[in-house]
Each structure stands twice: as structure tokens, then as C-alpha cells.
Amino acid sequence: MSQFIVVGAGQAGQSIVTKLRAEGFKGGITLIGDETAPPYQRPPLSKAYLLGEMDLDRLYLRPTDYYADENITLITGRAVTAIDPEAKTVSLGDETLPYDALALTTGSRPHRLPAAIGGDLNGVYTMRTLADADAIEPEFKQGASVLIVGGGYIGLEAAAVAAKKGLKVTLVEMADRILQRVASTETSDYFRSLHTAHGVDLREGVGLKALTGAERVTGATLTDGSKLGVDFVIVGVGIAPDTRLAEAAGLALDNGIATDAYGRTSNPFIYAAGDCASFPHAGKQMRLESVGNAIDQGEVVAQNMLGKDVIYTPKPWFWSDQYDVKLQIAGLSTGHDQVVVRNTNGARSHWYYRDGHLIAVDAMNDPRGYMVAKRLIEGGKNADPEKVADPATDLKDLMRA
């Protein structure tokens, strides 16, 4: 009977094993994760979980008895140390497990600050894992001073939690504006205003020069020469695909673990999905860091491990919660040349166009605008920019056009 192994017990790994069973696969499935917790949701870590609004059990992607019920061997708290593609085995230290097909869903690792500028001081955190969130949570004491390095979504979500809990928050972003890599000027302006209205000291075009302290961080010097006293620091300066196992096994890398349209790596018996994997799109290898991609790509990989030859077509969607604002994103705004702003009764959305065609949307507390734009984008349909901008336009009419 066939034996399938999935290395990486996150969203993509969970998606694969669940889909394998849903497709009727009766063989052996082993899901291996280096964290001690079973597969869980990562997005709430920097939002509801850190705020204390979500219990641990609700983080789990499946109840703990799910794996035994589905005859899935779940190995947690152990790291795969090597892959032997010729022998078709994976090693966990001295233990060796054989596979007929292997999927790598090793995710990504957060960038850390160099030790030379104080990155290894106590009180300096990244926000990626459940252990990270649990380590940071005791620091969130009313009146404490936190420095957040990085104005992407992770940094902004952490800033929102800290401000809501009554901390003194300073956020620095080295680029000219927050969210510069992923959003329009209009969206950056919206969230800058939101955070400053909640008391966040938001400094753009300013980076971190060095952290100070003996064993624990006590201060920071910024690139503009200003100095801050801080109680702790959260670093949100991006992530990198975790390709260490793949590289050591001789698999091809290209913006992550390179896969074809079916999720296969350069070895026909090894697949990859999620944050660690790139796939062909618009003439290059694209990588999407999102829950939606992990789920969808994982399901396609599961089907292809069963020999179904399903092509992966990405349908990007993302979200972020900050204060009382829910941001929902559909599509990819890269290369846009026009942004149309739609305001209706407190709901706001930014519609992105390239060469006159709708390619993406950022919707702030505008679920209707998000859903309509998402359907249009995924259906390859367009929306008249003038009608979008007119608050009197019934969004249903855009669907009929």
C-alpha cells in the first residue's frame, strides 16, 4: 500500500492530508511538524489570539482526535533532518521513513535583526509561530513601550493589538510609506491615518540603526539619529521561504522550491506547496504568502499525488484585522496604473486597474465590494471605473455588465 509523507504541519500540509482522505486515498499518510502543537491557524496569532479573544483550541485547524479518526500519523515536535530522493526516504535523526510520494510544506522563516545591531538581545521578538505569540503576550502590559520594526501587515497588526492594550507604540518603516511593497498609496494613507488616530507614533522613511541594552533590550537608535527607550521590540521585516531541506536534497530552487503547474518539484516523486513553493505564472516563478494559496495549492498537490494531473490556477485573496477595520484583498495589484476609490456609508474600497482592466481590490469594512470585485477578477471580467467610483452605483449592476 502506498505511503505518502508530508513535511510541514501548517495550513498547506493540513490541506494536503485532508484532501487525500477526501479523495478516497486509503494508503498511509504521515504528517510531520517541528512544532509541538498540531496544525493551527497562523493569521490570528498577531490578531485575536494575542488580544486574548481566541482560545488555543480554536486555533487548531482540526480537533486533536481528527488525525487518529482519519488514520493519519501526526508527528509533532520533531524535525526532518534529511531527504534521500534516490532511496525515497526522510530521516528524523536516527529514524528513517520510506515514501512513495513526498510533499514539502515547510513554510517560511521570519527575517531577524543581525546580532551586530542587537537582534539577539532578550526582549526582541518575531511573530510567526504559536511559541512566538506565547512568548510576546506577557510583554503586553498597559503603559509599556514597544518598538515595532516594519510597516507591513504583521507589524501593523501587532501595533493595533499593542495600542488597544494601552501600550506606547512606535512603529518605524524604512521605506517611504507603510505597505509600500503590497498596496497603493491610497491604502497606505488609509492605514496611516487609522494608526495615528489610535495613538501610534508612526515614522516612515526611518529605519533602525541599533538596539541597546546589556542582556535585554532597553533602547533603540534610529537612522534619523533619534533615540527611544523601549521595553521590548517586535520585528516584522518579511519572511523567506524555508528551502533548507529541499536545497540539501538537490531540488531546484527559484524564488522558493521550484514547482511546475502541478506542484511537482524537479524530482517527480516530490511535491511542494504553500509559502515555501513557487509555481509558474505569467512567465516567471511566483510565490504567494497567504492562507488561500496554502489551501488551494495544497488541494491541487494532493490530487496530483494521486495521479490526477490538475493544473494549479491561483486565485489570490488575503485579509488583515486592525482595530475595528477588516481589510479584505482579492487579486494582485502589481503593475497597476490606476486606483479608483469607492466610499459608501463608511465602507471603503480601492479598485486597482492595469491598462483599463480590473486586477485587484483592497476593501476596508466593505464585504460587498470585496465579494463583487473578487468574482469579477476571478471571472476575468471588468468594471467601469466611473461606475465603481459613483457611490450611487448598485454593485449588482457591475456583475451584470
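Values below: all heavy atoms of this structure, side chains included; hydrogens, waters and symmetry mates excluded. What you see is a predicted model; the values in this text were computed from it and never measured.
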Report yes or no: does Thr76 contribute a side-chain atom to a donor-acceptor pair with the main-chain N or O of Pro38 at less than 3.5 Å? no
Quick note, salt bridge (charged side-chain N to carboxylate O under 4.0 Å, His left out) partners involving residues 341-367, not counting sequence neighbours, are none
Ser15 side chain vs Ile295 backbone, donor-acceptor pair below 3.5 Å: yes
Distance only, no hydrogens: is a donor on one side chain within 3.5 Å (strictly under) of an acceptor on the other, for Ser46 and Tyr153? no
Determine whether more than 12 heavy atoms belonging to other residues, nucleotides or ligands lie under 6.0 Å from atom CZ of Arg216. yes
Pairwise side-chain contact, Thr218 with Thr212, heavy-atom cut-off 4.5 Å (strictly under): yes
Parallel, tilted or perpendicular, as decided by the 30° and 60° cut-offs, for the rings of His195 and Tyr323: perpendicular
Residue set satisfying side chain to side chain contact (heavy atoms under 4.5 Å, CB included) with Asp134, at least two apart, ordered chain then number -> Tyr49, Leu130
Any non-hydrogen side-chain atom of Thr259 less than 4.5 Å from a side-chain atom of Val301? no
Among all residues two or more places apart in sequence or in another chain, which pass the side chain to side chain contact (heavy atoms under 4.5 Å, CB included) test with Ala210? Ile117
Specify the closest pair of heavy atoms between Pro43 and Trp319, including all atoms of both residues, with the distance to one decimal. CB-CZ2, 3.6 Å
To the nearest 0.5 Å, atom OH of Tyr99 lies from atom CD1 of Ile83 at 6.5 Å
List the residues meeting side chain to side chain donor-acceptor pair (under 3.5 Å) with Asn293, not counting sequence neighbours, and say none if there are none. Gln297, Tyr312
Sequence neighbours excluded, the answer for side chain to side chain donor-acceptor pair (under 3.5 Å) partners of Ser188 is Arg177
Short side-chain to backbone donor-acceptor contact, Asn365 and Lys326, under 3.5 Å: yes
Should Leu92 and Thr81 count as side-chain neighbours, where that means a heavy-atom distance under 4.5 Å? no
Carefully, step by step, assess Ser184 and His336 under the rule side-chain contact (heavy atoms from CB on, under 4.5 Å). CA-CA 9 Å; Ser184 65; His336 71 272; 4.1 Å; yes
What's the verdict on side-chain contact (heavy atoms from CB on, under 4.5 Å) for Gln328 and Trp317, showing C-alpha distance, side-chain angles and the deciding distance? CA-CA 8 Å; Gln328 294 171 286; Trp317 56 272; over 6 Å; no
Just grab all the salt bridge (charged side-chain N to carboxylate O under 4.0 Å, His left out) pairs involving residues 43-68, residues at least two apart or on different chains. Lys47-Glu157
List for me each residue that meets side chain to side chain donor-acceptor pair (under 3.5 Å) alongside Asp242, sequence neighbours excluded, and say none if there are none. Arg244
Would you confirm whether Thr393, through its side chain, and Val388, through its main-chain N or O, come within 3.5 Å as a donor-acceptor pair? no
Scanning both residues in full, the closest heavy-atom pair of Ala249 with Pro85 reads O-CG, 3.5 Å
Check whether Asn304 reaches the backbone of Gly307 with its side chain - one donor and one acceptor, N or O, closer than 3.5 Å. no
Less than 4.5 Å apart, any side-chain heavy atom of Ser320 and any of Ile329? no
Could I get the full list of side chain to side chain donor-acceptor pair (under 3.5 Å) partners for Tyr40, not counting sequence neighbours? Glu35, Arg42
Do Leu50 and Met127 come close enough that some side-chain heavy atom pair is under 4.5 Å? yes
In terms of side-chain geometry, is the basic nitrogen of Arg192 or Asp189 positioned less than 4.0 Å from the acidic oxygen of its partner? yes
If you count heavy atoms of other groups shown closer than 6.0 angstrom to NE2 of His198, is the number above 12? yes
Could you pull out all donor-acceptor pairs under 3.5 Å where a side-chain atom in residues 231-239 meets a protein atom, sequence neighbours excluded?
from, atom 1, to, atom 2, distance (Å)
Asp231, OD2, Ser145, N, 2.7

Interatomic distance, CG@Asp201 vs CD1@Ile148, rounded to 0.5 Å, equals 11.0 Å
What one should report as the nearest heavy-atom pair of Gly151 and Glu173 is N-OE1, 2.6 Å
Look up atom OG in Ser2 and atom CG in Leu20, then write down how far apart they are to the nearest 0.5 Å. 10.5 Å
Closer than 4.0 angstrom, basic N to acidic O: yes or no for Arg264 and Asp309? yes
Donor-acceptor contact below 3.5 Å, side chain Arg287 vs main chain Asp275: yes
Would you say Gln338's side chain and Gly356's backbone share a donor-acceptor pair under 3.5 angstrom? no
Where do Leu31 and Pro39 come nearest, in terms of heavy atoms and distance? CD2-CG, 3.9 Å
Sequence neighbours left out, what passes side chain to side chain contact (heavy atoms under 4.5 Å, CB included) with Asp132? Give chain and number order. Thr126, Arg128, Thr129
Minimum side-chain heavy-atom gap Glu139-Leu167 below 4.5 Å: no
Do Glu70 and Val17 have side-chain heavy atoms sitting under 4.5 Å apart? no
Counting only heavy atoms not in Met174, do more than 12 fall under 6.0 Å of its CE? no
Minimal non-hydrogen separation, Leu211 against Gly118, with atom names: CD1-O, 3.7 Å
Is it true that, when you exclude Glu247 itself, more than 12 heavy atoms of the residues, nucleotides or ligands shown sit nearer than 6.0 Å to its CD? no
Is a side-chain N or O of Asp100 found less than 3.5 angstrom from the main chain of Gln3, in a donor-acceptor match? yes
Is Ser290 reaching over with its side chain to a backbone N or O of Phe318, donor-acceptor style, under 3.5 angstrom? no
Are Leu51 and Lys165 close enough, and set up right, to give a side-chain contact (heavy atoms from CB on, under 4.5 Å), and what steps lead you there? CA-CA 8 Å; Leu51 276 169; Lys165 287 201 161 194; 4.2 Å; yes
Mind checking side chain to side chain contact (heavy atoms under 4.5 Å, CB included) for Pro280 and listing every partner two or more places apart, or none if nothing turns up? Ala261, Gln285
Applied to residues 82-99, the salt bridge (charged side-chain N to carboxylate O under 4.0 Å, His left out) test, sequence neighbours excluded, yields Arg78-Glu95
Below 4.5 Å, heavy atoms only, C-beta onward: do Ile16 and Phe4 meet side chain to side chain? no
Lys374, NZ: over 12 other non-hydrogen atoms inside 6.0 angstrom: yes
In this structure, which one of Ile377, Leu358, Ile359 forms a side-chain contact (heavy atoms from CB on, under 4.5 Å) with Asn382? Leu358
Please find the pair of heavy atoms, one from Val80 and one from Leu245, that lie closest to each other, and give the distance. O-CD2, 3.5 Å
Indicate whether any N or O donor in one side chain lies under 3.5 Å from an N or O acceptor in the other, for Asp224 and Ser226. yes
Test side-chain contact (heavy atoms from CB on, under 4.5 Å) applied to Val300 and Asp296, step by step: CA-CA 6 Å; Val300 167; Asp296 296 344; 5.9 Å; no
